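So the structure is just underneath, and the comments pick up after that.
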Amino acid sequence: MKILVVGGAGYIGSHMVKHLLDTGRRVVVVDNFSTGHRDAVRAADLLELDIADANAVAELFETHSIDAVMHFASFIQVGESMTQPAKYYANNLAATLCLLEAMVKAGVSKFIFSSTAAVYGDPDYVPIDESHPKRPINPYGRSKWMLEQILEDFDRAYGLKSVSLRYFNAAGADPDGELGERHEPETHLLPLILQAASGRRPSITVFGRDYDTPDGTCIRDYIHVTDLVDAHDLALKYLDSAGASAAFNLGNGQGYSVDEVIEAARKVTGRSIETVDAPRREGDPARLVAESSTAKSVLGWQPQFSDINTIVAHAWGWERQYPWRR
Ligand code: UDP
């Protein structure tokens, strides 16, 4: 079996590639290196190309006999998507549509899509299950939800089978310490907290202390990158055994507040971490927690690293290697 990993040089994609290679699968990686890191991909066929380049993608499918595509390449910053929606619709939607068309032409019919909790918008209830209304509140979430709907149409019309995995807050790093989160600029909570712990930043800014939560800070569902990778592997097996197209939430089902994550980081790192209070960040719901029982019952998924201290410890192992010179 040969798998095409699009965006394999990024945070979650690079962990996926490592897992696929470790488990004996043949892998072709495509990345345009707009945000990915070349040194995060080892020992795989690595092609630098943009999936919006229809000719290059068609040639790729002619050269390699691909059985399934995993698609991790997208822009992910909610705030940026508000000010630069064109960038998000061009890449997350239009370029992905090119990829899907090329798959249909090449007769490749299995697609695993990195979707997001942002498809739900401001939740009516938590934990959020898959049937919760989809009312994304920013172009990032809308681009993912539109693509999910396109996938339904592609299944109906062309028989393209897909699994959309709606990640909650991806976090943590490769337990072996080889890979981790490396966004530039970094906007995510845990890596920023750990940069404050290591001294790369003076402090961590807490966006809002007036939410309707026990300590007033936002609650999120942090899910270890290794557990996300495991879910992709199971999704692949599910499609291989003729599973119907589906979408699954991926989260721990347990929420942690911003203050709780900072406290866990103080405990794990043994460092003092200064906080600075700031107003709420636009578009942040108070509480996002996943109901992931469908992924567990249908895919057989069982997160191994649900404990926030483990997630923090693995991310800290990575942060301590900064600047990751290899
Ligand atoms: N957050 C924060 N300070 C930061 C970055 C994030 O207080 O410097 C908060 C943010 O408001 C949200 C939570 O941490 O409530 C997780 O944010 P992140 O950007 O990591 O992920 P998101 O939930 O936006 O996908």
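Positions are given from 1, in the same order as the sequence printed here. Keep in mind it's a predicted model, so treat the numbers as computed, not measured. Every number for a ligand or one of its atoms is a count from 1 in the order of the listing.
Nearest non-hydrogen protein atom to atom 3 (N) of ligand 1 is Thr205 O, 2.6 Å. The nearest heavy-atom contact from the protein to atom 21 (O) of ligand 1 is Asn169 ND2, 3.1 Å. Here the heavy atom of the protein found nearest to atom 20 (O) of ligand 1 is Leu189 N, 2.8 Å. Distance from atom 17 (O) of ligand 1 to its nearest protein heavy atom, with residue and atom name: Arg281 NH2, 3.5 Å. Remark: minimum distance from atom 9 (C) of ligand 1 to any protein heavy atom is reached at Val258 CG2, 3.8 Å. Scanning the protein heavy atoms around atom 15 (O) of ligand 1, the nearest turns out to be Cys218 CB, 2.9 Å. At the shortest separation from atom 16 (C) of ligand 1 among protein heavy atoms lies Tyr222 OH, 3.7 Å.
Looking at residues two or more places apart in sequence or on another chain, you find no side chain to side chain donor-acceptor pair (under 3.5 Å) involving Asn91.
Atoms of ligand 1 lying under 4.0 Å from any heavy atom of Thr187, numbered from 1 in the order shown and given with element: 5 (C), 19 (O). Within the listing of ligand 1, atoms 8 (O) sit less than 4.0 angstrom from a heavy atom of Leu192. The Val206 neighbourhood of ligand 1 comprises atoms 7 (O), with distances under 4.0 Å to a heavy atom of that residue. Those atoms of ligand 1 that come under 4.0 Å of a heavy atom in Asp284, given as number and element, are 10 (C), 11 (O), 12 (C), 15 (O). Proximity to Ile204 (heavy-atom distance under 4.0 Å) selects the following atoms of ligand 1: 8 (O).
For His232 and Phe113, the ring centers are positioned 6.0 Å apart or more.
Within the 4.0 Å heavy-atom cutoff, Tyr140 does not count among the residues contacting ligand 1.
With a 6.0 Å cutoff to the six-membered ring centre and a 45° limit on the axis angle, Arg38 counts as a cation-pi contact of Phe33. A cation-pi contact, defined as under 6.0 Å to the ring centre and within 45° of the axis, is absent between Lys161 and Phe111.
Asp259 and Ser257 share no donor-acceptor pair across their side chains, judged by distance under 3.5 Å alone.
At most 12 non-hydrogen atoms from other residues, nucleotides or ligands lie less than 6.0 angstrom from CD of Glu59.
At a heavy-atom distance under 4.0 Å, atoms from both the backbone and the side chain of His188 approach ligand 1.
Using a 30° and 60° split on the angle between ring planes, Tyr120 and His132 fall in the perpendicular class, above 60°.
Between Ala40 and Leu179, the shortest heavy-atom contact is O-CD2, 3.5 Å.
Considering backbone and side-chain N/O atoms, Phe207 comes within less than 3.5 Å of an N/O atom of ligand 1.
Judged as a side chain to side chain donor-acceptor pair (under 3.5 Å), the pairs with a partner in residues 99-110 (not counting sequence neighbours) are, in order, Lys110-Asp240.
Distance alone, capped at 3.5 Å, places no donor-acceptor pair between the Asn169 side chain and the Arg220 backbone.
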